[in-house]
Amino acid sequence: MQDYETARRDWNWDTFRSWLDYLPGQKLNIAYEAVDRHVLHGRGNKEALRWFGKSGERKSYTYADLKRETDRFARMLTDRGFGPRTRVYSLLGRVPELYIAALGTLKAGAVFCPLYSAFGPEPVRSRMAIGKAEVLLAGPRDYAKKVAPARGSLPNLKMVLLTPSGTAPAPDTVDLAEVLANTPAQFECAQTDPQDMALLHFTSGTTGTPKGAVHVHEAVIAHNATGRIALDLHEDDIYWCTADPGWVTGTSYGIIAPLCAGATMIVEEAEFDAERWYALLEREKVTVWYTAPTAIRLLMRAGADLPKQYDLSRLRFLASVGEPLNAEAVTWSAKVFGTPFHDNWWQTETGGIMIANYAAMDVKPGSMGKPLPAVDAAIVEIDNGGIIIIDEPNIPGQLALRAGWPSMFRTYLDEQQRYDKTFRKGWYLTGDLAMRDEDGYFWFVGRADDVIKSAGHLIGPFEVESALVEHIAVAEAAVIGIPDERAGEIVKAFVTLHHGFEPTDELRKDLLGHARKKLGSAIAPRQIEIADDLPRTRSGKIMRRLLKAREIGLPEGDISTLETPT
Ligand code: ATP
Ligand code: MG
């Protein structure tokens, strides 16, 4: 294994650029790097995608199969007059067609925008409108319910591709299987410029209305390098990323990075189910697993006895992203899987992993890890007009990244001003607060929006939540500030309980006492509410702003990404 601590001093984005093939004339295309390159290098027979359907179906694609099918898809688009800059949207679930369409779209030089298939009509319509969707892939029922009624207000939409084939064809739509059957699998990958727009991803909507982050083809430099460094991806890995491509994780690390590495990637169509997940890990001999804290908490809730019934010995590397990963969860996973979850931090805007407990370093439970090689991260204080870099350790400030990494977003669609405002003096301001310790590890404090100011103290919700989940009864916790005349704000916590615990007054009192002992009375919550569940986004993030709005009787704001029980 490489010595990253030494290497990171020399590694820069040029190093990572040289890990790719490129097209003639310094052109670069994500799909070429992810798929075609392997076939040209004689790895066409390697299994690329192993898919499991909701009702037990199974399909497998080699790299050569993927090349052929993405060639066909790209050809189908260009034969119909679409190509560079066409905005291709998907409303498909995790079916093979989604993966083929994503790569085929990129291959054609067009722009891919995956949306969660579970979105309701309005979130779909508004995202299609702001991105000027020209092509849409959808299931027949989703199309009929969510898009057809609004088609009059989507003047840019020229072609709708439906899969699987419906019983009665909807007017003004095309049957995907049928058009593909009539298209030859011959295509020359588009010679895209590294700066050409490739992907449009909407943020999770945790703090407000989702923003459309634009990414370009050279993002693949980061996807490839960070997949190898932070997720330890190798060619012989069986890799499972549980994220849906409707969230950036499901595209950067659920499609691009594993294929760039030449690994075999698993796609599971069904939603979370503890037993099904453990069974899949065992059956498919998964070696690298990438998931999110929300899923890990659900697994913890399901108990430590369940995984003992499965042989999970093939698991070599586990990583988590999306929300802070409590030290509690890291310790639990090390015990249950024999290897801990490696927390890593990034955003839709960063396009790829920026900070991580990466493969070749010691995990510090509860920390986000260290900036990846070539990533320049700092804790800064914002000063009118400028920024001050905080060099001393353990001082909270805003997490900032030196601008210019390849997977950096290039704009917020239709919101250039907002984009410009996130940069200052050559640094991108992330909107998250963090601290760096003496050893260079970064610790998440909270989102700037979520930080609580109580009686002169600045309280990061993560610290309070982490203390609460250390209580034996608590499964999840979310902490907000509620207005208070004397203190400005006081801390209120919402918790869910592990199986077997009842929401009694006694437990509530015990929790208050536990928090006060752990945190001190200045920081500990004054109120604790035991809830059945917490509101979360489709990407699995707890929506603290919604808890707060409900608590103090404010409008709920944009809840288009709120997960609704299916
Ligand atoms: P929106 O920007 O619409 O409010 P969002 O910020 O949740 O939504 P994403 O881009 O999906 O949208 O999430 C990025 C954010 O998730 C980060 O800014 C951070 O707040 C949080 N996050 C991601 N990974 C971690 C992590 N390892 N630890 C703590 N927080 C994390
Ligand atoms: Mg955000």
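As the structure lists them, so they are numbered: ligands from 1, and atoms in each ligand from 1.
Distance CE/Met197 to SG/Cys113: 8.0 Å, rounded to 0.5 Å. The CD1 atom of Ile559 sits 8.5 Å away from the CZ atom of Arg545 when rounded to the nearest 0.5 Å.
Comparing heavy-atom distances from atom 18 (O) of ligand 1 across Asn357, Val321, Asp432, Thr249 singles out Asp432 as nearest. Summarising the contacts of atom 29 (C) of ligand 1 with Ala319, Ala356, Pro324, the nearest heavy atom is found in Pro324.
Interface atoms of ligand 1 facing Lys211, defined by a heavy-atom separation under 4.0 Å, are 1 (P), 2 (O), 3 (O). Close approach of ligand 1 to Thr206 (heavy-atom distance below 4.0 Å) involves ligand atoms 1 (P), 3 (O), 4 (O), 5 (P), 7 (O), 8 (O). Atom numbering of ligand 1 starts at 1 in the shown order; those under 4.0 Å from a heavy atom of Arg447 are 5 (P), 6 (O), 7 (O), 15 (C), 16 (O), 20 (O), 21 (C). With ligand atoms numbered from 1 in the order given, ligand 1 contributes 24 (N), 26 (C), 27 (N) to contacts under 4.0 Å with heavy atoms of Asn344. Of all atoms in ligand 1, numbered sequentially from 1 with element shown, those under 4.0 Å from a heavy atom of Thr348 are 9 (P), 10 (O), 11 (O).
A side chain to side chain donor-acceptor pair (under 3.5 Å) with Tyr290 holds for exactly one of Thr242, Asn344, Thr249; it is Asn344. In summary, of the residues considered (Tyr358, Trp405, Trp346, Tyr253), a side chain to side chain donor-acceptor pair (under 3.5 Å) with Thr226 occurs for Tyr253 alone.
For a threshold of 3.5 Å applied to N or O pairs, the pair formed by Met368 and ligand 1 contains no separation below that value. The distance criterion of under 3.5 Å between nitrogen or oxygen atoms is met by Thr203 with respect to ligand 1. Where the criterion is an N or O separation shorter than 3.5 Å, residue side chain and backbone included, Gly205 meets it with respect to ligand 1. Taking any N or O of Ser320, backbone or side chain, none lies under 3.5 Å from an N or O belonging to ligand 1. In terms of polar-atom proximity, defined here as any N/O pair under 3.5 Å, Asp343 does make such a contact with ligand 1. An N or O contact shorter than 3.5 Å is missing between Ser539 and ligand 1 by distance.
The pair Lys364-Asp437 meets the salt-bridge criterion, with a side-chain N (NZ, NE, NH1 or NH2) lying under 4.0 Å from an Asp/Glu carboxylate O. At a threshold of 4.0 Å, the pair Glu328-Arg297 does not count as salt-bridged, since none of the basic side-chain nitrogens sits closer than that to a carboxylate oxygen.
Residue contacts with ligand 1, taken as heavy atom pairs separated by less than 4.0 Å, involve Trp345 via backbone and side-chain atoms alike. Under 4.0 angstrom from ligand 1, there are no non-hydrogen atoms of Phe462. Residue contacts with ligand 1 for Gln347 involve both N, CA, C or O and side-chain atoms from C-beta outward (heavy atoms, distance under 4.0 Å).
Taking 4.0 Å as the cut-off, Phe202 does not count as a neighbour of ligand 1 on heavy-atom distance.
Nearest to atom 22 (N) of ligand 1 among the protein's heavy atoms is Gly322 O, 3.2 Å.
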- Message: Could you walk me through whether Asp449 and Arg544 satisfy the salt bridge (Lys or Arg N to Asp or Glu O under 4.0 Å) test, starting with their C-alpha distance in whole Å, then the side-chain angles of each, then the deciding distance to 0.1 Å, before giving a yes or no?
- Response: CA-CA 10 Å; Asp449 292 8; Arg544 291 175 189 76; over 6 Å; no
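Between Tyr428 and Phe423, the two ring planes are tilted [angle within 30° to 60°].
Aromatic pair Trp277/Trp240: ring centres closer than 6.0 Å.
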